[in-house]
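Structure first, commentary second.
Convention: sequence-line order gives letters A, B, ...; per-chain numbering from 1. The structure presented is a predicted model; accordingly, all values stated were derived computationally and were not measured.
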Amino acid sequence: MPADTQPRYDPQAIEKTWQDRWEAADCFTARHDPARPKYYVLEMFPYPSGRIHMGHVRNYTMGDVVARYKAARGFSVLHPMGWDAFGMPAENAAMQEGGHPAEWTYNNIAVMKGQMKPLGLSIDWSREFATCDVEYYGQQQALFLDMLEAGLVYRKNAVVNWDPVDMTVLANEQVIDGKGWRSGAEVERRELTQWFFRISEYSSDLLAALDGLDNWPEKVRLMQRNWIGQSRGLQFPFTTVNAPEGFAQIEVYTTRPDTLLGASFVAVSPDHPLARHLEAESTEVAEFVADCRRIGTTEEALEKAEKRGLDTGIRVRHPLDPECELPVWIANFILMDYGTGAIFGCPAHDQRDFDFATRYILPIPAVFVAEGAEEEPLAEAYVPPKTQRVRYVRGFAGAELQTGEDAVEAAISDCESRGIGRGVTQYRLRDWGLSRQRYWGCPIPVVHCESCGVVPEKKENLPVALPMDVSFDQPGNPLDRHPTWRDCACPKCGAPARRETDTMDTFVDSSWYFARFTAPRANTPTDAGEADYWMNVDQYIGGIEHAILHLLYSRFFARAMHRTGHLPERCIEPFDALFTQGMVTHEIYMTRDARGRPVYHLPEDVADGKVKATGEAVQIIPSAKMSKSKKNVVDPVDIIDRFGADTARWFVLSDSPPERDVEWTSAGAEATYKHLARVWALCDRIAAMPDGTAGPADSDLMRAMHRAIADVTKAIDGFAFNKAIAELYAFTNTLSRSDSSGTAQKTAMRTLAQLMAPMVPHIAEDIWAHQGGKGLVAQADWPQADPAMLVSDTVTLPIQINGKRKGEISVPADAPKEAVEKAALSADAVVKALAGAVPKKVIVVPGRIVNVVV
RNA sequence: GCCCGAGUGGCGGAAUGGUAGACGCAGGGGAUUCAAAAUCCCCCGCCGCAAGGCGUGCGAGUUCGAGUCUCGCCUCGGGCACCA
């Protein structure tokens with residue numbers, strides 16, 4: 001540090017000061033003020049992993065810009081923060097390092113909060129909660145009981161991935177090559193009784209309501225649409241010929257009933273009741289089915305597995321032709337979860353069925369051929385788009401020439417009128433299994449009683465709190481082996497009973513936290529008055545990775561909360577606007593060790609393309625999401641220490657549009673710091689100027705200022721923070737070069753501080769104070785652009801000849817078309833191009849351009 | 001395989017159908033300095049000495065005028081997937 005007398009931009013000195021001043025002035029406490037419009041801005045709350053990363057900084061800075069901007073626009077702003085605190089990492093830590101998951105979690109929260117505070121976010125911390133707080137999950141249990149009573153929760157058997165060593169259920173992504181990710185043990189498919197939310201009851205509503213979410217990214221709506229997966233088809237029974245008792249009929253579902261006369265076999269899932277029945281009787285079937293299940297644990301294996309089947313010997317009658325009998329196979333590619341778990345195969349028009357029929361030498365009768373074509377043997381399935389018109393050679397409903405779509409509808413009505421089957425709308429969306437055989441989650445508040453069965457806990461007995469005296473030194477769920485926690489009295493008959501030891505999926509916790517923020521200390525899940533004032537979330541901001549599950553579950557929960565009286569009806573779509581921000585990326589620096597294996601280096605250990613310590617040249621791999629394993633991470637804490645929070649905030653907003661990834665570069669971070677230091681020095685210089693009298697340069701500066709107000713406002717309103725920052729750079733350059741009076745420059749500087757405040761609030765306060773601004777800029781009204789200052793007296797118009805720019809003219813802004821045309825025709829370039837000839841046409845677009853056609 | 005989205009300087013990116021490349025980074029030149037850092041000023045799409053010409057992935061089209069609209073291709077990115 002040079003010992004010069006000039007004060008320098010010193011973020012460490014100013015940032016803490018202003019944060020304390022905001023706190024002293026109680027700037028960010030959300031106030032329920034019926035006289036003012038409210039604005040609820042929410043960023044997806046973090047999992048307390050232990051450290052914040054740049055992705056958090058970007059996410060919360062975007063939310064903070066919106067929150068501070070809306071506050072300046074006169075809204076009563078709610079901008080809360082909490083912690084998505086249940087989940088497996090805490091249990092894993094307890095298993096590996098000892099201690100209790102709660103201890104690990106609350107420690108992490110304290111550390112992360114300590115890292116977030118220096119960012120200067122305008123968060124109402126008085127509303128903070130963690131989902132593992134018993135006050136929160138106790139209310140979640142109340143919600144669960146209400147949903148149970150409303151018929152939105154039920155129990156059924158479901159197949160799960162069971163790790164026999166860890167004695168736990170595994171999620172699909174925890175099963176690697178058919179083995180448990182931790183234990184390495186062969187995973188079994190086991191059937192357990194599990195709790196489910198009846199989300200499928202809302203399939204059609206959740207689908208239809210997507211159309212109304214105008215302020216959601218189209219991409220997210222599309223992903224949800226595909227996930228819900230509506231399809232229209234025919235469901236009908238095949239009558240069996242020689243099936244075991246109880247299987248007189250096999251119900252199938254098809255989206256292509258028009259291909260019914262192309263059926264060559266019927267196939268059922270290995271998990272179909274018929275397969276189950278035969279499995280018990282025949283070792284051949286049992287072996288085949290067991291084989292299918294062995295493969296059936298990972299998606300990858302399923303994908304690679306060839307289509308295999310086993311002929312059961314059972315035959316069914318074709319509903320349209322009783323003479324025709326079809327064989328019933330068990331096939332490994334039929335899913336029990338979709339449709340009825342049974343299909344008819346039409347190999348001519350489905351590639352999977354074609355492969356299957358080819359392998360087992362089954363007939364392949366064509367139903368339709370291309371328009372104008374003749375029937376001939378097929379080398380592969382013929383699957384034209386449903387919208388394409390084809391010629392039906394084995395049709396039974398509708399015209400001979402028709403599209404697949406029309407033929408499907410015709411086939412459904414035909415089958416309905418003959419009483420063969422019925423038209424059915426199916427959804428891919430399945431009910432949401434919420435049971436987890438885990439400790440660190442919200443206990444499911446029910447009791448198992450020998451005489452009464454499954455009994456909901458009484459509300460007055462809530463919360464069902466997790467016991468703290470547990471150990472993780474043996475596999476399985478500690479709740480299962482706790483000596484006393486399980487024991488309780490049946491809420492119905494009072495007899496000794498046992499608690500449910502399953503806990504809830506952590507997606508449940510995050511499906512209603514946004515509603516809880518409106519009344520975080522209420523002794524019911526929500527408070528009607530508070531929810532009515534604050535809901536909906538006006539702007540929700542988070543990562544695209546939550547496009548489907550979290551957002552779909554939240555939409556379901558909002559509906560369920562309305563049905564159980566916890567939210568008004570207008571809140572069934574809780575997020576008015578959604579913004580999905582891009583990631584923060586960084587280059588990867590790699591060298592190779594003696595055996596050629598990649599070795600990664602942290603950015604701070606690399607300089608000028610070389611590893612600092614060894615001088616070895618690194619290979620630079622293009623930007624990718626920051627990840628610990630690739631070591632391409634920069635720690636926000638380090639950046640704040642070095643440059644201050646304002647630099648971190650400004651940088652993550654600049655350069656790239658918010659929805660796209662932004663690449664973190666040390667050059668960019670340094671340049672940001674330099675810019676802020678320049679603004680700070682400019683402020684210092686301007687503050688020292690005498691006021692002086694207004695000169696001609698003053699009006700230019702004021703015009704530029706109003707232009708900047710208009711442009712920055714528009715950019716923030718449009719979520720284009722990178723453009724807002726570009727406008728701020730431009731205005732700063734204009735101001736620093738202006739030779740206007742001190743009075744004008746001080747006005748401009750104050751306005752610049754206001755416009756910068758949402759992005760870089762600390763330096764903005766400092767400048768505001770230096771320039772004699774009243775109070776805190778955090779509490780000042782947003783500046784207004786004067787429309788009169790946005791129009792200028794003269795305009796410069798480009799002159800085109802045949803659409804190519806050749807010159808420009810300067811004319812009064814209000815000049816009539818004829819005058820502009822005259823001026824354009826006398827411009828040098830035009831005179832030269834015309835060479836005395838008469839132009840064919842002259843197009844004058846007032847205020848924009850003149851095009852002369854020759 | 002199906003469904004989306006995107007291709008603009010060395011880089012990140014601007015641009016209601018109307019001056020392509022705002023703003024930033026990197027780079028070049030200069031000032032200041034004993035020197036360096038820091039700071040300030042200027043230049044910076046490509047070809048060309050210049051005049052000028054060419055330029056928004058490729059090819060057509062609509063238009064007085066296309067990065068922007070239409071059609072066809074290419075490349076990259078994302079989502080979904082034995083879904084009957």
Side-chain angles (χ1 to χ4, degrees), chain A residues 2 4 6 8 217-227 229 231 233-235 252-257 259 267 269 296 299 302-307 331-335 337-346 349-353 355-356 383 385 426-430 544-545 547-548 585 623 650-651 654-657 659-663 665-672 674-675 677-678 681 711 720 722-733 736-737 796-808 839-845 847-854:
Chain A
D4 55 28
Q6 281 285 5
R8 291 173 56 101
E218 185 51 45
K219 184 182 178 165
V220 173
R221 293 196 283 171
L222 185 74
M223 284 163 74
Q224 292 215 351
R225 230 170 251 136
N226 291 338
W227 187 261
S231 70
L234 180 77
Q235 188 170 323
V252 299
Y253 172 71
T254 177
T255 56
R256 291 307 297 262
T259 65
S269 162
E299 279 180 29
L302 270 175
E303 242 172 85
K304 286 179 185 156
E306 53 187 336
K307 281 141 201 65
N332 65 347
F333 60 95
I334 310 299
L335 303 175
D337 294 318
Y338 192 79
T340 60
I343 62 148
F344 74 79
C346 176
H349 305 295
D350 182 295
Q351 192 58 45
R352 273 175 329 207
D353 295 348
D355 295 346
F356 191 81
V383 192
Q426 278 275 1
Y427 295 90
R428 181 185 174 277
L429 180 66
R430 289 181 235 154
I544 187 76
E545 65 272 22
I548 298 175
T585 63
S623 262
W650 181 275
F651 183 85
S654 64
D655 278 7
S656 289
E659 67 276 15
R660 251 189 256 179
D661 294 349
V662 65
E663 183 180 352
T665 62
S666 57
E670 275 158 32
T672 297
K674 283 179 194 173
H675 173 72
R678 230 173 355 249
D711 289 346
N722 58 323
K723 280 190 258 178
I725 283 182
E727 302 293 353
L728 289 169
Y729 270 112
F731 180 49
T732 304
N733 290 342
S736 69
R737 280 163 205 166
T796 303
L797 295 184
I799 306 298
Q800 292 182 332
I801 291 168
N802 294 340
K804 302 247 178 214
R805 184 183 175 278
K806 294 291 175 181
E808 55 185 38
K840 280 191 196 141
K841 199 172 177 184
V842 180
I843 292 135
V844 178
V845 184
R848 304 294 327 210
I849 203 163
V850 181
N851 190 10
V852 181
V853 186
V854 298

Whole-Å distance separating the [atom1] atom of [X] from the [atom2] atom of [N]:
| X | N | atom1 | atom2 | answer |
| --- | --- | --- | --- | --- |
| A:E659 | B:C4 | CD | C1' | 16 Å |
| A:E218 | B:C4 | CD | P | 10 Å |
| A:N851 | B:G17 | CG | P | 18 Å |
| A:N332 | B:A84 | CG | C1' | 14 Å |
| A:K804 | B:U63 | NZ | C1' | 14 Å |
| A:R848 | B:U68 | CZ | C1' | 13 Å |
| A:N226 | B:G1 | CG | C1' | 14 Å |
| A:D350 | B:C2 | CG | C1' | 13 Å |

Could you work out the separation of [N] and [M] based on their [atom1] atoms and round it to a whole Å?
| N | M | atom1 | value |
| --- | --- | --- | --- |
| B:G7 | B:G13 | C1' | 13 Å |
| B:G52 | B:A20 | P | 16 Å |
| B:A50 | B:A60 | C1' | 36 Å |
| B:A66 | B:C76 | C1' | 24 Å |
| B:A26 | B:C49 | P | 30 Å |
| B:C23 | B:C74 | C1' | 32 Å |
| B:C44 | B:G28 | P | 16 Å |
| B:G5 | B:C11 | C1' | 22 Å |

[X] [atom1] to [Y] [atom2] distance, which is reported to the nearest 0.5 Å:
| X | Y | atom1 | atom2 | value |
| --- | --- | --- | --- | --- |
| A:F651 | A:E663 | CZ | CD | 8.0 Å |
| A:T732 | A:R678 | OG1 | CZ | 9.0 Å |
| A:K840 | A:N802 | NZ | CG | 7.5 Å |
| A:D353 | A:F344 | CG | CZ | 8.5 Å |
| A:T255 | A:D350 | OG1 | CG | 8.5 Å |
| A:L797 | A:N851 | CG | CG | 12.5 Å |

Look only at the side chain of A:S269 and the backbone of A:I334, and say whether a donor-acceptor pair between them is shorter than 3.5 Å.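 Flag set: sc A:S269 to bb A:I334 pair under 3.5 Å.
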
Main chain of A:N722, side chain of A:S654: is a donor-acceptor contact present, judged purely on distance under 3.5 Å?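 Not at all, since once roles are kept as given, no pair shorter than 3.5 Å links the two residues.
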
Need the pair for [N]. Rule: Watson-Crick or G-U wobble, both distances under 3.5 Å, any strand; none if unpaired.
| N | answer |
| --- | --- |
| B:G55 | none |
| B:C2 | B:G79 |
| B:G7 | B:C74 |
| B:U19 | none |
| B:U39 | B:A31 |

Give the minimum heavy-atom separation between A:T340 and A:Y253, together with the two atoms involved.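 So the minimum-distance heavy-atom pair works out to OG1-N, 3.6 Å.
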
request  = Determine the minimum heavy-atom distance between A:Y338 and A:Y427, stating which atoms define it.
outcome  =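 Answer, listing the atom of A:Y338 first, then A:Y427: CE1-O, 3.9 Å.
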
[N] phosphate, OP1 or OP2: any side-chain N/O from [X] under 4.0 angstrom?
| X | N | result |
| --- | --- | --- |
| A:R428 | B:A81 | yes |
| A:K674 | B:C40 | no |
| A:R660 | B:G13 | yes |

When all nucleic acid strands are considered with a 4.0 Å heavy-atom cut-off, which category describes [X]: base, sugar-phosphate, or nothing?
| X | answer |
| --- | --- |
| A:R430 | base |
| A:I843 | base |
| A:V845 | base |
| A:S654 | nothing |
| A:L728 | nothing |

With B for base contact, S for sugar-phosphate-only contact and - for none (protein heavy atoms under 4.0 Å), nucleotides 20-25 of chain B reads --BSSS

Problem - Closest-nucleotide 5' rank along RNA chain B - winner of A:T340 and A:M223 - result: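 Whichever sits nearer the 5' end wins; that is A:M223.
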
Self-check item: Syn-anti status, with the boundary at 90° from 0, for the nucleotide B:G9
Solution: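 Classified syn.
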
